[in-house]
S.K.: 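Once you've had a glance at the structure underneath, I'll fire off some questions.
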Amino acid sequence: MKYQKPKGTADILPAAAEQWDTVEAKSREVFRRYRYGEIRVPLFESYDLYARSSGDTSDIVTKEMYDFDDKGGRHMALRPEGTAGVVRAYVENKLYGPEYPKPYRVYYMGPMFRYERPQSGRQREFHQIGVEAFGSESPLLDAETIQLGVDLLHNVGVHGLRIAINTLGDPETRTAYHHALVDYFKPHLSELSADSQVRLEKNPLRILDSKDPQDKPLVADAPSILDYLTPAAAAHFQAVKDALDQLHIAYTVDHTMVRGLDYYNHTIFEIMTSSPAFGNKELTVLAGGRYDGLVEQFGGPAVPGVGFGLGVERLMLLVQENEPAPTPAPLNVYIAALSEKAGIQALVLAHAIREAGYTVDMDFLNRKAKGQFKTANRENAQLVITLGDDELANQQASIKQMATGKQIQVPFTTVTGDFQRLYADLVEEGNN
RNA sequence: GCGGUAUUGGUGAAGUGGUUAACACACCGGUUUGUGGUACCGGCAUGCGUGGGUUCGAUCCCCACAUACCGCCCCA
């Protein structure tokens with residue numbers, strides 16, 4: 001084969017695309033109810049935009065960015081996540097202005113790019129559906145955002161969710177906790193796994209969710225961030241939990257949960273589910289949190305924000321499990337043309353029928369009548385119009401109801417003039 | 001970035017160091033004139049991911065590369 005798709009990319013063929021379309025349509029409906037509007041931002045931005053917001057030591061920046069220099073010598077990158085671009089647009093378009101509602105809510109859907117080793121549910125070009133809400137630091141908005149995520153997943157037919165939440169606190173909390181962790185692990189440096197020894201330097205929080213059995217006993221006794229929250233941060237987290245309780249959203253607090261992106265603070269959350277599609281392992285399908293301070297970092301005013309991102313490929317694996325066979329759209333009319341001249345007439349009739357709002361297909365391979373009927377049958381056509389020499393001579397179409405096998409003659413002028421009525425009569429009769 | 005497994009037609013696949021690469025499904029055609037199913041008959045990979053090498057000869061052995069999947073890292 002001469003060309004192959006780039007590693008970690010996928011062709012989404014019509015049958016699958018239809019399922020994607022359904023999921024996207026259902027998502028938009030949920031967003032509409034929550035008063036989120038769509039925003040479309042560039043697929044690539046300045047490299048610095050992603051590098052600064054994600055954090056210089058994050059894996060996304062250090063090894064996963066698809067970056068390139070354009071012909072003007074600008075260092076650009078394909079977006080690895082959605083929030084940075086949206087925040088940039090929020091600032092650049094001054095959407096924090098007094099004329100805009102607060103919170104200002106937007107959603108996006110589209111491809112993201114990360115240079116990673118592909119696995120199932122994990123690609124180099126993948127898709128996310130995400131939301132961002134700017135301008136309120138209310139914990140109620142955190143809770144609403146989590147509720148939105150749950151509603152979204154339920155709406156597309158995914159259930160059996162587990163919701164984990166945690167708080168990263170405010171900057172003061174983070175500094176204090178960071179010190180506490182380093183103080184705790186430093187004396188045990190040699191007992192840590194090689195990976196975690198590196199993590200202690202780069203990002204001590206990461207040690208907490210290490211899967212290495214060597215780290216587990218140490219992590220079990222590590223200090224919890226929940227003990228280092230400032231009073232304000234603790235109050236915020238408590239308010240989020242209270243709101244979730246009132247919404248009857250079951251959650252677990254996982255104080256070892258961390259984030260791959262540096263800009264998060266206060267509430268973070270993940271919605272997970274286990275499924276045969278993931279080898280019965282629990283996999284995160286939606287994740288997000290609060291990012292107060294990011295807008296300011298991008299040169300805007302001190303506007304808080306909260307949002308989430310949802311992995312569409314992972315979601316589709318779950319959706320396809322529930323409804324594996326999308327029903328093909330039925331064909332209203334198939335036109336069997338038995339000569340070149342009849343083909344031209346078929347084209348004319350097909351157009352008239354399409355204008356009347358019906359689906360039509362016809363033969364383009366000069367096949368014999370039998371072959372054309374076979375195709376019509378396979379496409380589940382309700383009516384077949386046969387055009388041969390006789391029909392052309394009489395200016396009448398032979399119309400067969402496939403369900404009953406009954407065939408009648410109808411003048412071309414009736415087909416082109418009032419197909420809706422003709423169709424209603426024939427198909428209704430066919431059903432009786 | 002590291003480790004492992006895999007790669008035969010449109011699909012599922014069998015197969016062997018040696019002249020015609022099973023079988024099934026799908027598809028196409030035929031079984032007398034322009035009609036759907038079934039049945040029967042016929043067609044359908046000059047090729048076994050790509051490029052090298054070993055060999056008298058490789059789809060089968062060796063090497064490299066590519067891609068997919070699994071684990072690690074990390075993540076949606």
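Chain identifiers are assigned alphabetically (A, B, ...) following the order of the sequence lines, protein sequences preceding nucleic acid strands; residue numbering begins at 1 within each chain.
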S.K.: Contact class for A/Lys374 vs. all strands (heavy atom < 4.0 Å): base, sugar-phosphate, or nothing?
M.R.: sugar-phosphate

S.K.: Pick the nucleotide of RNA chain B nearest each of A/Arg117 and A/Gly388; which residue has the one closer to the 5' end?
M.R.: A/Arg117

S.K.: For A/Lys400, answer base if it contacts any base atom (sugar-phosphate contacts may also be present), sugar-phosphate if it contacts only those atoms, and nothing otherwise; contact means non-hydrogen atoms under 4.0 Å.
M.R.: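 If one applies the 4.0 Å heavy-atom cut-off, A/Lys400 turns out to touch a base.
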
S.K.: Between B/A45 and B/A26, how far is it from one C1' atom to the other, in whole Å?
M.R.: 15 Å

S.K.: If you take any heavy atom closer than 4.0 Å to RNA chain B, which residues from residues 340-349 of chain A end up in contact?
M.R.: none

S.K.: Which nucleotide, in any strand shown, forms a Watson-Crick or G-U wobble pair with B/C61, with both distances under 3.5 Å?
M.R.: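 Across all strands, the one nucleotide that pairs with B/C61 is B/G53.
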
S.K.: Pick base, sugar-phosphate or nothing for A/Gly130, based on heavy-atom distances below 4.0 Å to the nucleic acid.
M.R.: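 It contacts nothing in the nucleic acid.
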
S.K.: If I pick the P atom on B/A21 and the same atom on B/G43, what distance separates them, to the nearest angstrom?
M.R.: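 Their P atoms lie roughly 14 Å apart.
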
S.K.: Suppose you measure atom C1' in B/C73 against the same atom in B/U55; what distance do you get, rounded to whole Å?
M.R.: 43 Å

S.K.: Can you list the residues that meet the ring pair (Phe, Tyr, Trp, His ring centres under 6.0 Å) rule with A/His154, with sequence neighbours excluded?
M.R.: A/His159

S.K.: Please list, one pair per line, the donor and acceptor atoms closer than 3.5 Å that link side chains of residues 345-354 of chain A to other protein atoms, with sequence neighbours excluded.
M.R.:
{"unit_1": "A/Arg354", "atom_1": "NH2", "unit_2": "A/Val360", "atom_2": "O", "d": "2.9"}

S.K.: Just how far, in rounded Å, is C1' of B/C73 from CD of A/Glu116?
M.R.: 10 Å

